[in-house]
Peer 1: 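What follows is a structure written as structure tokens; I'll ask about it next.
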Amino acid sequence: MIKTAVLGYGTVGSGVAKVFDVNKDAIAGRIGDTVEVKYILDLREFPGDPNGHKVVHDYEVILNDPEIRVIAEVMGGVEPAHTFVKKALMAGKSAVTSNKEMVALYGAELLAVAREHHVNFLFEASVGGGIPVIRPLTQALLADQFEEVTGILNGTTNYMLTKMDAEGADYDTVLKQAQDNGYAERHPEADVEGFDACRKIAILTSLVCGRQVNYEEIPTEGITKITETDFKYADALGAGIKLLGTSRMTPEGVFAKVSPVLIPESHPLYPVRDVFNAILVKGNMLGDVMFYGKGAGSEPTASAVVSDMLTCLRYEGCTLPIRWAAEAQPLADPKKFPSRFLVRVKGDPQARAEDVRALFGEVSICTPEGVEGEFAVLTREMTLGEAEEACEKLEGFAGRLFADL
Ligand code: HSE
């Protein structure tokens, strides 16, 4: 019997224990031996829980047990998670994690430590929950040059935007529902301000470029300013509003950003609803390929964590090659990002059309039913810098959205 350990018995940790329990026969068939969780590291006790007797409070117990060959870090937060994972790798144990913040910061370092100690560090669950996207990017698509990676990378905000759009539900109610379903982060600002999606696109961009992308350099807008009125404009344009993490590899450099974007019904990400995530990858030979599934929640995320643990066991003695050097990947100036924009303007469209055209050039005007005292224009393609400059000068400016229309 193979013994493993899980660090953290929260939403994902309890899911990991469940996957090992419910799927024990299928797992044994695939690995050729039964696999069991021997320890759960947590500060709390879990009286009455069937795994309560596995709980330990001292990490050294796990580290010093030669029976433990792989650990799963699902406690979240940067420290002590990072130190625990590093110590496990240095002790010759493979480690897997769902912790995007830790991976975004220390992915390159931990991969190097794993290589040095001939073990594996895998982090499939850190992006897109249960969706396999890291393995495709690092193994299945080796022949392609990537032109773009764009994804709905946060289940909480996608769930919220879906409900706000379809049901006209208010922001606080839908956030509460997402939290009750175990989708949201401990501090939901990480979801709604776009920070979680930012960590995830930083990880994907680091993997695509093979070098460290510093997430603090990625311009990030969340969904806190999205209102019912924005959805009325979206409806009038036959579009949806999605929080997208994007990186684009262009001759001008690598652009990365997180922001709400208007996308048309024909866009592959348009039908992605609720807690589902999807990552659209554009390869220069392959064209478009999309990975879709549940991006948050206990069981889907645990499925990816356990799958990584089993991969570590299957490839013991061989470190899977994942290209991610510590050297910094420079990002292109975000102000040069080209896009169309939806710009909201207070006042009467007839009276204001000339002012708007003087600043933005040719635009189409959008006046949906039920929107009073304002209108919006859809600009031609321009850079973010040009759009921001024009918005600053625009009297009655009431907001702007990226529009991939
Ligand atoms: N809070 C995250 C989300 C969890 O909603 O997507 C998965 O990373």
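For the numbers below, each heavy atom of this structure counts, side chains included, while hydrogens, waters and symmetry mates do not. Whatever order the structure lists ligands and atoms in, that order sets their numbers, starting from 1.
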Peer 1: Nearest protein heavy-atom contact for atom 6 (O) of ligand 1: which residue, which atom, what distance?
Peer 2: Gly155 N, 2.7 Å

Peer 1: Does Asn154 approach ligand 1 within less than 4.0 angstrom via side chain, backbone, both or neither, non-hydrogen atoms only?
Peer 2: both

Peer 1: Quick one, Tyr59 and Thr83 - any side-chain contact, counting heavy atoms below 4.5 Å?
Peer 2: no

Peer 1: Ring of Tyr9, cation from Lys54 - is the NZ or CZ under 6.0 Å from the centre and inside 45° of the axis?
Peer 2: no

Peer 1: Measure across Ala234 and Ile241 and return the closest heavy-atom pair with its distance rounded to 0.1 Å.
Peer 2: CB-CG1, 3.9 Å

Peer 1: Answer yes or no for Gly129: is there a heavy-atom contact with ligand 1 below 4.0 Å?
Peer 2: no

Peer 1: Any idea which atoms of ligand 1 are less than 4.0 Å away from a heavy-atom of Ala296?
Peer 2: 3 (C), 4 (C), 5 (O), 6 (O), 7 (C)

Peer 1: In terms of atom number and element, which parts of ligand 1 are under 4.0 angstrom from non-hydrogen atoms of Tyr183?
Peer 2: 1 (N), 2 (C), 3 (C), 4 (C), 5 (O)

Peer 1: What is the distance from atom CG of Leu137 to atom CD1 of Ile203, rounded to the nearest 0.5 Å?
Peer 2: 11.5 Å

Peer 1: Does any non-hydrogen side-chain atom of Glu193 lie less than 4.5 Å from one of Thr224?
Peer 2: yes

Peer 1: Backbone, side chain, both or neither: what part of Ala184 comes under 4.0 angstrom of ligand 1, heavy atoms only?
Peer 2: backbone

Peer 1: Taking everything shown except Lys86 itself, do over 12 heavy atoms lie less than 6.0 Å from its NZ?
Peer 2: no

Peer 1: Show your working on salt bridge (Lys or Arg N to Asp or Glu O under 4.0 Å) between Asp308 and Arg135 and close with a plain yes or no.
Peer 2: CA-CA 10 Å; Asp308 270 354; Arg135 202 134 333 128; 2.2 Å; yes

Peer 1: Atom 5 (O) of ligand 1: which protein heavy atom is closest, and how many Å away?
Peer 2: Thr156 OG1, 2.6 Å

Peer 1: Note the single closest protein heavy atom to atom 7 (C) of ligand 1, along with its residue, its atom name and the distance in Å.
Peer 2: Gly295 O, 3.4 Å

Peer 1: Please list the nearest protein heavy atom to atom 2 (C) of ligand 1 with its residue and the distance rounded to 0.1 Å.
Peer 2: Glu185 OE2, 3.1 Å

Peer 1: Within 45° of the axis and under 6.0 Å from the centre of the six-membered ring of Phe255, does NZ or CZ of Arg248 qualify?
Peer 2: no

Peer 1: Does any N or O atom in Lys100 lie less than 3.5 angstrom from one in ligand 1, N or O only?
Peer 2: yes

Peer 1: Check each atom of ligand 1 against the heavy atoms of Asp191 and keep those under 4.0 Å away; list them by number with element.
Peer 2: 1 (N), 2 (C), 3 (C), 5 (O)

